[in-house]
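Just so it is clear, the model here is predicted, and its values are computed rather than measured. Hydrogens, waters and symmetry mates play no part in the numbers below; they use all other heavy atoms, side chains included.
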Amino acid sequence: MSEGQENIKYLIQRPKTPVVKPPMHRSVFNKSIKREFKSNRGCHQTMGYAEVKPNQPSKFLKKHTRKVIRPFVGTKKNITIPGSSNALNPVYPSRRCRKPERKTEEKTKLIKRNFLHENIVDVIRKVPPLPKHRVQDSRKGHTMVLDEAGLEPTYVSKKNFGKTPSYIKKIIKNKETEKLTEVERIRTIKPPLRFLPLDERNKLLTGMKANWGELYTEFLLLPMVTDSVPKINRKARLENQLNNLEKDINILEKYPSLYVCDD
């Protein structure tokens, strides 16, 4: 039978089987821990027994009845000797023993100093500040300082404006020196030019003339009418190659002694 069809055995309700849970885990040391907790519960409840028993509430504290015992402080000053054991706790002289000569000198200097005269001289010598460049940008009278707003071209008026910084000049100089040293090193290892011998010169001439003949025959086989872009490009390419070969052949035939760079 398919799952969608009914069955008679599902009409009778079956009793639900109860779920049996396992017993709760209880530690073996549970009772001993409880016993220790109860026995040590109030062991640190106070800071120990009071040394003096408190008075009764009827005997409350009255004015000038409490005896205050203050620590004893000696009045004699002990002189410390560097080699003695008292050198660890030095005793300094009191304020009365100090000489007040320094304070009197400072007071006399302050009395002699004329602050009014100094202020007048400072104001006379002071340079007056330049007026700020302000612009009114609204009809209600709102003004704006161009220098503070960053609208004043102050950077243009600097001495080093438009000049390369010194650190960039140093970098360029170092690079040039490195290039020069590299070129000199290459020249010492390998000479830049070499003399072209006669045999090699003749071989070059024969090879160039053979290439020129092949290109010239290819140029003659071109069609008379160049009505498309590929034909025009091919004709221009062949003409350039023929002109370059003619220039090289003329140079080799004109100058007997030549120096060639291998690079």
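- A donor-acceptor distance shorter than 3.5 angstrom exists from the side chain of R201 to the backbone of L252, with no hydrogens or angles considered.
- For the atom pair L151 CG and H133 NE2, the distance stands at 10.5 Å (nearest 0.5 Å).
- Distance check: T217 OG1 to E214 CD gives 6.5 Å after rounding to the nearest 0.5 Å.
- Legend: residues meeting side-chain contact (heavy atoms from CB on, under 4.5 Å) with N240, ordered by chain and number and at least two apart, are absent.
- The shortest non-hydrogen separation linking M208 to I249 is CB-CG1, 3.8 Å.
- A continuous path of hydrophobic side-chain contacts links I251 to L196 [ILVMFWY only; heavy atoms under 4.5 Å].
- The side-chain contact (heavy atoms from CB on, under 4.5 Å) test with K132 singles out one residue from V145, D147, T143, and that residue is V145.
- Residues N250 and K247 fail the side-chain proximity criterion, which asks for heavy atoms closer than 4.5 Å.
- Taking 4.0 Å as the cut-off between side-chain N and carboxylate O, K209 and E253 count as a salt-bridged pair.
- With hydrogens and angles ignored, the 3.5 Å screen pairs a side-chain donor or acceptor of Q136 with a backbone N or O of S138.
- From N174, atom CG reaches atom NZ of K179 across 12.5 Å, with rounding to the nearest 0.5 Å.
- Two different hydrophobic clusters hold F37 and F29 under the rule that ILVMFWY side chains link at heavy-atom gaps under 4.5 Å.
- Taking the charged nitrogens against the carboxylate oxygens, R234 and E218 do have a contact shorter than 4.0 Å, which makes a salt bridge.
- S166 OG to N160 CG: the interatomic distance, rounded to the nearest 0.5 Å, is 9.5 Å.
- Taking a 6.0 Å sphere around CD of Q56, one finds it holds 12 or fewer heavy atoms contributed by other residues, nucleotides or ligands.
- Of all heavy-atom pairs between L215 and L238, the closest is CD2-CD2, 3.8 Å.
- For the pair L204 and D248, the minimum side-chain heavy-atom distance is 4.5 Å or more.
- To the nearest 0.5 angstrom, I168 atom CD1 is 7.0 Å from I172 atom CD1.
- Residues L205 and L258 share a single hydrophobic cluster, defined by chaining ILVMFWY side chains whose heavy atoms lie under 4.5 Å apart.
- The residues D227 and K231 are annotated as salt-bridged, a charged nitrogen and a carboxylate oxygen being separated by less than 4.0 angstrom.
- In terms of hydrophobic clustering, with Ile, Leu, Val, Met, Phe, Trp and Tyr side chains grouped at heavy-atom distances under 4.5 Å, L242 and L220 are assigned to a common cluster.
- You'll find the side chain of R113 reaches within 4.5 Å of the side chain of E118, heavy atoms only.
- Using a 4.5 Å cut-off on side-chain heavy atoms (C-beta onward), Q241 and W212 make no contact.
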Could you please spell out the steps behind the side chain to side chain contact (heavy atoms under 4.5 Å, CB included) verdict for R237 and N233? CA-CA 6 Å; R237 182 172 57 79; N233 292 333; over 6 Å; no
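- Remark: F60 pairs with no residue by the ring-ring contact (aromatic ring centres under 6.0 Å, His included) rule, at least two apart or across chains.
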